[in-house]
Structure formats: C-alpha cells, structure tokens
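Okay, structure first, notes after.
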Amino acid sequence: MKPSIPKGTRDFSPTEMVRRNFIFKTIREVFEKYGYQPIETPAMENLETLTGKYGDEGDKLIFKILPRGEKLTKIGGLLNTKVSFADLFTKTTEYLDEALRYDLTVPFARYVVQHQNEITFPFKRYQIQPVWRADKPQKGRYREFYQCDADVIGSNSLLNEVEIVQIIDEVFRQLKLRTIVKINNRKILQGIAEIIGASDKMIDITIALDKLDKIGWELVEQELKTKNLSSDSIISLHEIALSIKNEKFPEHKLSLLKNHLQDSGIGLKGIEEVEYIFNTVKNIRHESSILEFDLTLARGLNYYTGAIFEVKANDVQMGSICGGGRYDDLTGIFGLSNVSGVGISFGIDRIFDVMNELNLFDSIGLTASTTKVMLAHFGEEERNYCIGIASQLRSVGINTEIYPDITKKISKQFDYANKKQIPFVIVIGGDEIKTGELTLKNMTSGEQTKMKVDEIILKLK
RNA sequence: GUGGUUGUAGCUCAGUUGGUUAGAGCACUAGAUUGUGGUUCUAGGGGUCGCGGGUUCAAAUCCCGUCAUCCACCCCA
C-alpha cells in the first residue's frame with residue numbers, strides 16, 4: 001500500500017512545527033495580554049448544533065460523521081428496498097447526528113449557553129483548535145486547519161471592537177507581516193437593503209457586492225437579477241456604490257453614506273459604530289496594518305449582525321488570513337437570548353503560508369533544533385558512562401541526548417548530530433572515562449577542548 | 001459543484017518526430033578514513049513510468065476512460 005493522507009490535510013515535520021508553534025505562541029500571548037482565557041471544545045458536535053449557522057454554502061461543507069452500528073444497518077437495509085433516491089437521501093440524513101466542527105464560534109456559543117451558570121460575563125475566551133471543512137483544496141485552502149479565536153460574549157461595548165483591531169495589529173506587527181484590515185458593518189448593509197427597498201435580500205446583496213472589485217458592476221447586476229432584486233433596487237444600489245467609489249478616506253465614505261441612509265435607523269447606527277471604531281483607533285499607535293472601511297466586505301457567515309472584520313496580507317496573493325465580527329444573538333438558538341458577542345479568528349495555516357512565501361522564518365532564525373548537546377561513545381562501557389553524565393546535564397536543564405546505538409564509528413554519530421543541528425557533542429572514550437576530562441566539541445566551529453563535567457555545565461548553561 | 005493543469009526513483013525533475021536494458025541531481029547505504037561530522041572522490045541499492053483499456057511490429061511518449069494533484073471559480077481562515 002502506498003502511504004498517503006486525505007486530500008487537504010498535511011503532516012507537519014519538526015521544522016514546520018517549530019515555526020507553527022512560534023505563531024501559536026505569539027497569538028496566544030497577545031490574547032492573554034488582553035484578558036482572554038483558554039477553553040477547548042470537542043472535535044465533534046451534534047450536527048444540529050452546527051447546521052443553519054453558516055449559510056447555504058457553509059452547511060454543505062460540514063463534515064458529517066457516518067452513523068455506526070444499528071443506524072448504519074438501517075441505512076444499508078434501505079438500499080435493498082424500492083425507495084427513491086430522494087427518500088434514501090432524506091432517510092440517511094435523519095440518521096446523521098454528529099459532525100466535525102466547522103469553526104470555533106458556534107461551538108463557543110453552545111458552550112456559553114451550556115455553562116452559563118459558571119461563567120462570569122462579559123466572558124472573554126480564546127480557543128486554538130483545528131476545524132474541518134469538506135471543501136475542495138487549493139492554495140491556502142485546507143480541509144483541516146487551525147483557527148485561533150478570541151471572543152467576548154455578554155458585552156455590547158464597542159471597546160471590544162477597538163481592542164480587536166489592536167489585537168490584530170499587535171499580532172501581525174510581531175509576526176512582521178504587513179496587512180490591510182478591512183472593516184464594515186452589517187447594520188450599514190441592512191440599512192442599504194432597507195433604503196433600496198429590499199430588506200429581505202440583505203445577504204444576497206452583500207454577497208454580490210463583495211465581488212464588485214473582482215467582476216465589475218455588470219456581473220454584480222446580473223447576479224442580483226437572478227436573486228429577484230427589482231431593477232429599481234438595483235439602480236439605487238448602484239448609485240450608492242458609485243457615490244463612494246472614488247473616496248479614499250474612511251471618514252468621507254462614511255459621511256457620504258450617512259446621506260444615503262438618512263431614513264434608515266439601523267443604517268445610521270451602523271455608520272455611528274464604524275465611526276466610533278475609526279475615531280478611537282486613530283488615537284492609538286498602529287503600525288503594521290492599514291485600516292480601511294470597505295462597504296463591499298460581506299463575509300458569508302450568517303450570524304454576523306454588527307461590525308465585520310477581514311485581514312489580508314499586503315505582499316502575497318492569498319485569501320483572508322483573519323476574520324471576525326459581532327453577532328447579536330448566536331446564543332439565542334441554544335436558549336440564551338439578548339447576549340451579544342464579538343470575536344476574531346486567525347487562520348494560522350494561511351499566516352504560515354504567507355510568512356513562508358515572504359521568507360520571514362529565515363530572518364527569525366527558527367530551526368527544529370532543540371537538543372543542546374549529544375553524547376557520543378565507542379562501546380557498551382562508554383555508553384553506560386554516558387547515562388550518568390547525561391543525568392547531570394539534564395538535572396541542570398541542559399537538553400541532552402545520548403546516541404542510542406553502539407557503533408565504533410564516531411563519524412556516524414557526528415553525522416547524526418550534524419543533521420539534527422545539535423550545537424555540541426561530548427565524546428566519551430576510554431581516556432575520558434579514566435581521567436574524567438571529557439572532550440567537548442563545538443559543532444559549528446569544529447573546535448574541541450577537554451574539560452570536566454562541571455566546566456562543561458558552566459559553559460553550556 | 002464547474003473549468004483548467006500536471007502525474008517518471010524517497011524528493012525535485014529530464015526523457016527528442018513512438019525505437020535496445022528509462023536517466024540526472026539531491027537523499028539513502030557502504031568504502032576511501034578502526035577516535036572526528038559538515039567538503040571531496042568511488043561504488044551500490046532503489047522504478048507496476050498514477051491506474052485500466054485501446055492503436056502499433058514497437059508506447060513513459062499517441063487515443064479513450066479513470067484516479068490523484070495543483071490552480072481558478074463558488075465560498076472561505
């Protein structure tokens with residue numbers, strides 16, 4: 001059998017793991033700096049917990065878990081009867097009751113409701129775990145990938161939005177990535193839908209609008225027509241989009257939009273929220289990221305109701321590396337109403353890919369080498385002698401390994417140390433055991449000296 | 001789900017208009033070197049040419065199908 005792994009999944013080798021852990025650590029430390037606490041939830045959830053939260057396209061991408069045992073037998077039994085394919089399909093769907101998690105936000109909402117009596121609100125949690133999507137893999141798109149989420153739940157304050165912008169900025173500053181942070185607000189989009197007389201089509205409008213840059217107005221118009229938007233509505237929408245098209249500054253865009261949305265309470269509320277974020281952030285240092293108001297930013301997830309964020313890397317062609325927003329009633333479905341939350345999700349796999357493409361890891365100098373010193377020897381007796389030496393070194397915190405196999409070939413042992421980028425090797429032979437003067441070799445310079453264990457400890461510690 | 005790309009050694013790839021026993025570099029093993037690696041030199045192991053069918057005296061090469069891959073669309077981290 002030829003060994004392989006499912007498409008869209010990856011193995012991570014030591015060097016990659018060291019680099020990934022560096023990113024995880026950076027993000028975790030920033031999250032904790034802002035008062036977020038860690039939780040974890042299971043890899044699988046009840047299917048009904050997940051369905052209906054991600055939009056039609058999203059729901060299709062949920063990895064369902066095949067039933068086992070009796071349920072599976074029942075499905076198998078159906079195959080021998082004369083049911084139609086459609087019936088077979090719906091019956092099978094009924095028996096599916098578990099799925100792999102699609103994101104971390106919905107399981108978090110479930111967690112909050114389930115543990116509401118133990119939680120002190122506002123609750124700030126972070127969560128770093130893999131998620132799974134039954135997608136077709138391509139550049140920067142995997143079927144298993146990690147999300148690093150930070151969410152505040154139980155607070156309406158816009159300070160949370162401001163801090164999210166700061167977190168984004170701080171994480172990418174530390175990772176030395178230049179980014180564009182796009183901000184929009186679902187209330188503005190709702191307001192526009194209202195004004196153009198299509199309140200019920202908000203999602204369709206935003207999804208179409210999202211493509212404006214890419215495909216141009218004519219194709220957007222076409223798509224809206226297929227969604228049964230009236231031509232009056234389309235004309236009004238075009239007017240609004242055109243009016244801010246050439247404006248550079250967020251402030252100008254927002255004040256122009258304000259005119260259009262005079263008659264929409266919710267629209268004006270959205271403008272006000274975005275203005276607050278921009279005005280507050282203005283007074284804070286932010287260096288790595290450019291903040292931008294982008295009316296066409298939609299984000300497909302159904303549950304967002306207020307601010308929405310998306311971050312793209314400046315110098316690399318890649319989908320968004322970070323996204324999030326405010327959701328006013330995600331917990332409502334699970335039986336806890338009137339609790340608003342806002343959060344952000346970092347896509348570590350794409351961040352890794354971007355950093356790799358920019359050769360940023362080389363400049364950070366991360367390698368997979370964790371062992372400080374290796375003990376090389378010439379035989380059974382020498383190897384036994386190594387065990388005691390290794391204990392002494394480890395007891396003072398020096399990462400030490402003993403070459404495990406007996407071989408007269410010292411060159412093989414050096415080769416091993418060399419490939420593993422171990423910086424020091426101690427050679428133990430008959431002479432060394434007799435005198436207690438061990439040979440310490442610096443693998444980078446090639447220089448070697450004889451010294452006692454205590455001296456070696458002082459040197460390596 | 002739709003469209004395209006590419007499948008040859010563990011990895012990266014070459015292989016001419018179809019023509020002997022399918023090659024290179026890196027990696028691996030051994031030796032040059034029985035207490036000194038990262039350099040060099042020598043030798044060696046390793047291939048159902050993705051899989052199945054077809055055309056042909058002859059297929060890695062041409063045709064059909066299929067699977068996998070990567071990329072784009074959709075959507076998303």
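The chains referred to below are lettered A, B, ... by the order of the sequence lines, with proteins before strands, and numbering in each begins at 1.
Between A:Lys409 and B:rA30, a side-chain N or O to OP1/OP2 separation shorter than 4.0 Å is absent. Of the side-chain N and O atoms in A:Lys312, none sit less than 4.0 angstrom from OP1 or OP2 of B:rA77.
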Close N/O contacts between protein and nucleotides 38-43 of chain B (under 3.5 Å):
{"residue": "B:rG38", "atom": "O4'", "partner": "A:Asn418", "partner atom": "ND2", "Å": "2.7"}
{"residue": "B:rG38", "atom": "N2", "partner": "A:Met443", "partner atom": "O", "Å": "3.4"}
{"residue": "B:rG38", "atom": "N2", "partner": "A:Thr444", "partner atom": "O", "Å": "2.9"}

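Under the Watson-Crick or G-U wobble criterion, with both distances below 3.5 Å, B:rG65 is paired with B:rC51. Pairing for B:rG46 is absent, judged as Watson-Crick or G-U wobble with the two contacts each under 3.5 Å.
What separates CD of A:Glu57 from C1' of B:rG1 is a distance of 9 Å, to the nearest Å. What separates CD1 of A:Ile351 from P of B:rA77 is a distance of 12 Å, to the nearest Å. Rounded to a whole Å, the CG atom of A:Leu212 is 13 Å from the P atom of B:rC74. The distance between atom CD of A:Glu432 and atom P of B:rU36, rounded to the nearest whole Å, is 13 Å. Atom C1' of nucleotide B:rG37 and atom CD1 of A:Ile426 are separated by 16 Å, given to the nearest angstrom. Following rounding to the nearest Å, A:Lys412 (NZ) and B:rU34 (P) show an atom-to-atom distance of 15 Å. If you measure from atom CZ of A:Phe378 to atom C1' of B:rG35, you get 4 Å, rounded to the nearest angstrom. Summarising the geometry, the separation between CZ on A:Arg143 and P on B:rA77 is reported as 18 Å, rounded to the nearest angstrom.
Remark: the A:Gln413 side chain and the A:Thr407 side chain contain no N/O donor-acceptor pair separated by less than 3.5 Å. Side-chain atoms of A:Tyr416 and A:Glu401 include a donor-acceptor pair closer than 3.5 Å. With no hydrogens or angles considered, a side-chain donor-acceptor pair links A:Tyr54 and A:Asp103 at under 3.5 Å.
A distance of about 14 Å separates the P atoms of B:rG19 and B:rA58, rounded to the whole Å. Using atom P as the reference point in both B:rC28 and B:rC11, the two lie 15 Å apart (nearest Å). Atom name P, nucleotides B:rC26 and B:rU69: the rounded distance is 30 Å, in whole Å. Atom name P, nucleotides B:rU61 and B:rU8: the rounded distance is 13 Å, in whole Å. Taking the P atoms as reference points, B:rG44 lies 13 Å from B:rG23, given to the whole Å. Taking the C1' atoms as reference points, B:rG10 lies 34 Å from B:rC76, given to the whole Å. One P atom belongs to B:rA60, the other to B:rA22, and the distance between them is 9 Å to the nearest Å. Here, B:rC49 and B:rA9 have their C1' atoms 10 Å apart, quoted to the whole Å.
Along RNA chain B, the nucleotide nearest to A:Val427 and the one nearest to A:Lys7 differ in position, and the one closer to the 5' end is contacted by A:Val427. Residues A:Gln317 and A:Tyr142 each lie close to RNA chain B; by heavy-atom proximity, the contact nearer the 5' end of the strand is made by A:Gln317.
In this structure, A:Gly430 reaches the bases: a heavy-atom distance under 4.0 Å links it to at least one base atom across the strands shown. Note on A:Lys139: only backbone sugar-phosphate atoms sit closer than 4.0 angstrom, heavy atoms only; bases stay farther off. Residue A:Lys419 is in sugar-phosphate contact alone, with no base atom involved, counting any heavy-atom pair closer than 4.0 Å across all strands shown. As judged by a 4.0 angstrom heavy-atom cut-off over every strand, A:Asp103 is placed among residues making no nucleic acid contact. Contact annotation for A:Gly323: backbone-only contact, meaning every heavy-atom pair under 4.0 Å involves sugar-phosphate atoms and none involves a base. Residue A:Cys148 is out of contact with every strand shown, counting any heavy-atom pair closer than 4.0 Å. Among the protein residues, A:Glu310 comes within range of no part of the nucleic acid, since none of its heavy atoms lies under 4.0 Å from any strand.
Counting all heavy atoms, side chain and backbone alike, A:Ile5 lies closest to A:Asp11 at CD1-N, 3.8 Å.
Set against B:rC76, B:rG3, B:rC74, the side chain of A:Lys136 has B:rG3 as its closest nucleotide. When each of B:rG35, B:rG1, B:rA77 is scored by its nearest atom to the side-chain atoms of A:Ser320, the top-ranked nucleotide is B:rA77. Comparing B:rG35, B:rG37, B:rC75 by their closest approach to the side chain of A:Ile207 singles out B:rC75. Nearest nucleotide to the A:Gln138 side chain, out of B:rC71, B:rA77, B:rG35: B:rC71.
Atom CG of residue A:Leu175 and atom CZ of residue A:Phe22 lie 6.0 Å apart, to the nearest 0.5 angstrom.
Of the possible donor and acceptor atoms, one in the side chain of A:Asp59 sits under 3.5 Å from a partner among the backbone N and O of A:Gly52. One N or O on the side chain of A:Ser157 and one on the backbone of A:Leu159 form a donor-acceptor pair closer than 3.5 Å. A:Glu29 places no side-chain N or O within 3.5 Å of a backbone atom of A:Thr26 that could act as its donor or acceptor partner.
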* Under the side-chain hydrogen bond (donor to acceptor under 3.5 Å, both in side chains) criterion, do A:Thr371 and A:Asn399 qualify, and how do the steps go? -> CA-CA 5 Å; A:Thr371 304; A:Asn399 295 353; over 6 Å; no
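The base of B:rU36 has none of its N or O atoms less than 3.5 Å from a complementary donor or acceptor on the side chain of A:Gln413. Within 3.5 Å, a donor on the side chain of A:Arg141 pairs with an acceptor on the base of B:rC75, or the reverse.
The environment of CD in A:Glu48 is sparse: at most 12 heavy-atom neighbours from other residues, nucleotides or ligands sit within 6.0 Å.
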